[in-house]
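Since the structure comes first, as structure tokens, the remarks are kept for the end.
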Amino acid sequence: MNKTILIAASAAVTLLLTSGALKAESTPSDTVDEAKKITQQFAGQLQSELKSAMENAGPVKAVDVCAQRAPAIAAGLSKSTGWEIARTSLKTRNTELNTPDSWERKVLEQFDARQGAGEDVATMAYAEVLETNDGKHFRFMKAIPTGELCLACHGTQINPDIATALDAHYPDDQARGYTLGEVRGAFSLLKPL
């Protein structure tokens, strides 16, 4: 994802999470709905491919699938939708593709604080309309909870064969040590307005 330098948040719109649904005061609901739909497409496709790889070839093969397919899925959805789509985390696995920019880092830190206050990670999301040097942009992030499937590669007890595969693909990997339900990272979307 191309990193945008944020100049000012002059048209900031904070979305509130109420009963798992996003509500916005002055952001068109179709923009929020579109971001949520794209996030669901990305998550669904990636999870389906990872689950299939794990069932058919084992978790070591799933590392290969994640390394190759996650960026390809994001690129394909970006091309077909006109949004910039990525994943990010405070503990990155692929530092080249997933290192958060300053806005994403702030939101990820808020997600961690919200989880610490007892909020359900599965329903966490945040969006803002920002003024940048390139004009107005709508930014959206949806928290990724650590699921059962994730623990094989992101958990506290990783099989040595999987750890070897992870080390081969991601020499700077920081994305280990998570527990079930914890904020693993987030889907991050950006759309020019």
Side-chain angles (χ1 to χ4, degrees), residues 1-5 38-79 83-116 119-122 124-126 139-190:
M1 178 164 135
N2 293 333
K3 301 298 178 193
T4 303
I5 300 171
I38 293 167
T39 300
Q40 289 172 344
Q41 285 179 288
F42 189 172
Q45 189 173 348
L46 181 58
Q47 185 172 5
S48 174
E49 291 189 30
L50 284 173
K51 185 176 180 184
S52 177
M54 294 214 23
E55 289 172 354
N56 295 324
V60 172
K61 180 62 178 168
V63 173
D64 293 336
V65 169
C66 196
Q68 297 166 7
R69 292 297 301 144
I73 293 167
L77 284 171
S78 293
K79 184 175 181 181
W83 290 71
E84 288 184 27
I85 303 163
R87 295 175 306 154
T88 189
S89 178
L90 292 174
K91 291 173 28 177
T92 59
R93 173 149 284 166
N94 183 334
T95 56
E96 184 178 321
L97 294 178
N98 304 122
T99 299
D101 64 22
S102 60
W103 183 86
E104 290 168 327
R105 179 171 294 284
K106 177 186 78 171
V107 174
L108 287 165
E109 289 168 351
Q110 290 174 3
F111 284 169
D112 282 349
R114 289 165 61 181
Q115 180 182 13
E119 189 172 338
D120 183 4
V121 176
M124 273 183 216
Y126 182 83
R139 296 203 67 179
F140 176 85
M141 285 180 65
K142 170 72 178 82
I144 301 171
T146 303
E148 191 69 42
L149 183 67
C150 307
L151 293 175
C153 298
H154 293 284
T156 57
Q157 298 178 2
I158 298 175
N159 174 297
D161 292 337
I162 296 171
T164 298
L166 290 170
D167 291 342
H169 282 286
Y170 310 106
D172 298 321
D173 181 22
Q174 302 168 21
R176 302 179 197 188
Y178 288 96
T179 58
L180 190 63
E182 189 175 8
V183 174
R184 160 66 195 96
F187 295 102
S188 181
L189 285 71
L190 181 147

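Residue numbers count from 1 along this sequence.
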Shortest non-hydrogen contact from [X] toward [Y]:
| X | Y | value |
| --- | --- | --- |
| T146 | T179 | CB-O, 3.4 Å |
| C153 | V63 | SG-CG2, 3.8 Å |
| F187 | A43 | CZ-CB, 3.6 Å |
| A186 | F111 | CB-CE1, 4.0 Å |
| A53 | A62 | CB-CA, 3.9 Å |
| A163 | I158 | N-CG2, 3.8 Å |

Using salt bridge (Lys or Arg N to Asp or Glu O under 4.0 Å) as the criterion, list what pairs up with R105, not counting sequence neighbours.
->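 Listed in chain order: nothing, the list is empty.
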
Sorted by chain and number, sequence neighbours left out, salt bridge (Lys or Arg N to Asp or Glu O under 4.0 Å) with D112 holds for none

Do [X] and [Y] make a side-chain contact, defined as non-hydrogen atoms from C-beta onward lying under 4.5 Å apart?
| X | Y | answer |
| --- | --- | --- |
| L90 | E109 | yes |
| R69 | Q45 | yes |
| K142 | L189 | no |
| D101 | R139 | yes |
| M141 | L108 | yes |
| N56 | K61 | no |

Using a 3.5 Å distance criterion without hydrogens, assess whether the side chain of [X] forms a donor-acceptor pair with backbone atoms of [Y].
| X | Y | value |
| --- | --- | --- |
| T88 | N98 | yes |
| S52 | S48 | no |
| Q115 | V183 | yes |
| R114 | E119 | no |
| S188 | A86 | no |
| D173 | D167 | no |
| S78 | W83 | yes |

- Item | Modelled atom types, side-chain donor and acceptor of D64 and H169, under 3.5 Å | yes

* Is there a donor in the side chain of R93 and an acceptor in the side chain of H154, or the other way round, less than 3.5 Å apart? ->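 Short answer, yes.
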
Within the supplied structure, the quantity of interest is the number of heavy atoms (other residues, nucleotides, ligands) at a distance under 6.0 Å from Q47 CD; does it exceed 12?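 It does not: Q47 CD has 12 such atoms or fewer within range.
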
Nearest 0.5 angstrom please: [X] [atom1] to [Y] [atom2], how far?
| X | Y | atom1 | atom2 | answer |
| --- | --- | --- | --- | --- |
| E182 | L151 | CD | CG | 9.5 Å |
| L97 | T92 | CG | OG1 | 10.0 Å |
| C66 | L46 | SG | CG | 5.5 Å |
| I38 | F140 | CD1 | CZ | 9.5 Å |

Side chain to side chain contact (heavy atoms under 4.5 Å, CB included) with V60: of T164, L166, I162, N159, only one passes, and it is I162

Is the NZ or CZ atom of K91 both under 6.0 Å from the centre of the six-membered ring of Y178 and within 45° of that ring's axis?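 Flagged: K91 positioned over aromatic ring of Y178.
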
